[in-house]
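Have a look at the structure below before the remarks.
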Amino acid sequence: QVQLVESGGGLVQAGGSLRLSCAASGRTFSRYAMGWFRQAPGKEREFVAAMSRSGGRIYYADSVKGRTTASRDNAKNTAYLQMNSLKLDDTAVYYCAVREVFDYTGTYYRRISDYDYWGQGTQVTVSS
């Protein structure tokens, strides 16, 4: 199993930036493709970004594309989500998730059901 812990959330003004972190423990992080999701109050959890196990392939939701950069450092067992030009609509609890991948094709996954392990989430609140 793998355990995930998100951090870096907080209160930020619209237009500001935050960098979220997702620290993994338990198994070799490079075995896992990972994704970032978010859930706003009263809404369903939605996809934000996904990375292949190496980080060489990354896919973003249209809602964050151009403002967000996902990355990972497998040597540190940590993934990051740099969010810039934050908007009120970015307010949500942000989750990281992983699933084990057994090949090196660079596959990434965008569905909630694709992932096996989740962190507890970190709150991001964007104020006007």
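For the disulfide (SG to SG under 2.5 Å) condition, no pair includes a residue of residues 34-95, sequence neighbours left out. Annotation: disulfide (SG to SG under 2.5 Å) contacts involving residues 64-128, sequence neighbours excluded, comprise Cys22-Cys96. Evaluation of the ring pair (Phe, Tyr, Trp, His ring centres under 6.0 Å) test over residues 104-128, restricted to residues two or more places apart or in two chains, returns Phe37-Tyr115, Phe37-Trp118, Tyr59-Tyr108. For the salt bridge (charged side-chain N to carboxylate O under 4.0 Å, His left out) condition, the pairs that include at least one residue of residues 11-37, sequence neighbours left out, are Arg27-Glu100, Arg31-Glu100. Sequence neighbours left out, not one pair with a member in residues 68-84 passes salt bridge (charged side-chain N to carboxylate O under 4.0 Å, His left out). Legend: salt bridge (charged side-chain N to carboxylate O under 4.0 Å, His left out) pairs involving residues 39-57, not counting sequence neighbours, sorted by first then second residue: Arg38-Glu46.
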Q.
Between Thr105 and Thr107, does the side chain to side chain donor-acceptor pair (under 3.5 Å) criterion hold? Intermediate values first, please.
A. CA-CA 6 Å; Thr105 58; Thr107 305; 2.8 Å; yes
Q: Output, in order, the C-alpha distance, side-chain angles, deciding distance and verdict of side chain to side chain contact (heavy atoms under 4.5 Å, CB included) for Tyr60 and Thr69.
A: CA-CA 9 Å; Tyr60 298 96; Thr69 302; 4.0 Å; yes
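Closest of all the heavy-atom pairs between Ala97 and Leu4 is CA-CD1, 3.8 Å. What you find for Ser128 and Leu88 is that their closest heavy atoms are N-CD2, 3.6 Å. Closest heavy-atom contact between Ala92 and Ala40: CB-N, 3.7 Å. Closest non-hydrogen pair, Arg110 versus Asp114, comes out as N-OD2, 3.6 Å. The two residues Trp36 and Ala79 have their closest heavy-atom pair at CZ2-O, 4.0 Å.
Both Val48 and Ile58 are members of a single hydrophobic cluster when ILVMFWY side chains are connected at heavy-atom separations under 4.5 Å. Follow the hydrophobic side-chain contacts under 4.5 Å out from Val12 and you reach Leu81 in the same cluster. Taking hydrophobic clusters as Ile, Leu, Val, Met, Phe, Trp and Tyr residues chained together by side-chain heavy-atom distances below 4.5 Å, Val124 shares a cluster with Val64. Neither Val93 nor Met83 shares a network with the other; the hydrophobic side chains, linked directly or stepwise wherever heavy atoms of I, L, V, M, F, W or Y lie under 4.5 Å apart, form separate groups for each.
With rounding to the nearest 0.5 Å, the separation of CG in Leu86 from OG in Ser17 is 6.0 Å. The line from OG1 of Thr68 to CG of Asp90 is 7.0 Å long, rounded to the nearest 0.5 Å. Put simply, CG on Leu18 and CD on Gln82 are 8.0 Å apart, with the number rounded to the nearest 0.5 Å. Note that CG of Asn74 is 9.5 Å distant from OG1 of Thr28, once rounded to the nearest 0.5 Å. In this structure, OH on Tyr95 lies 8.5 Å from CD on Gln120, to the nearest 0.5 angstrom. In this structure, the separation between CE on Met34 and OG1 on Thr78 is 10.0 Å, given to the nearest 0.5 Å.
Here the side chain of Thr91 pairs a donor or acceptor atom with the backbone of Val126 at under 3.5 angstrom. In terms of modelled atom types and a separation under 3.5 Å, the side chain of Glu6 and the main chain of Leu20 share no donor-acceptor contact. Checking side-chain atoms of Tyr94 against main-chain N and O of Gln39 turns up no donor-acceptor pair under 3.5 Å. Checking side-chain atoms of Thr122 against main-chain N and O of Ser7 turns up no donor-acceptor pair under 3.5 Å.
Using a 4.5 Å cut-off on side-chain heavy atoms (C-beta onward), Asp116 and Tyr32 make no contact.
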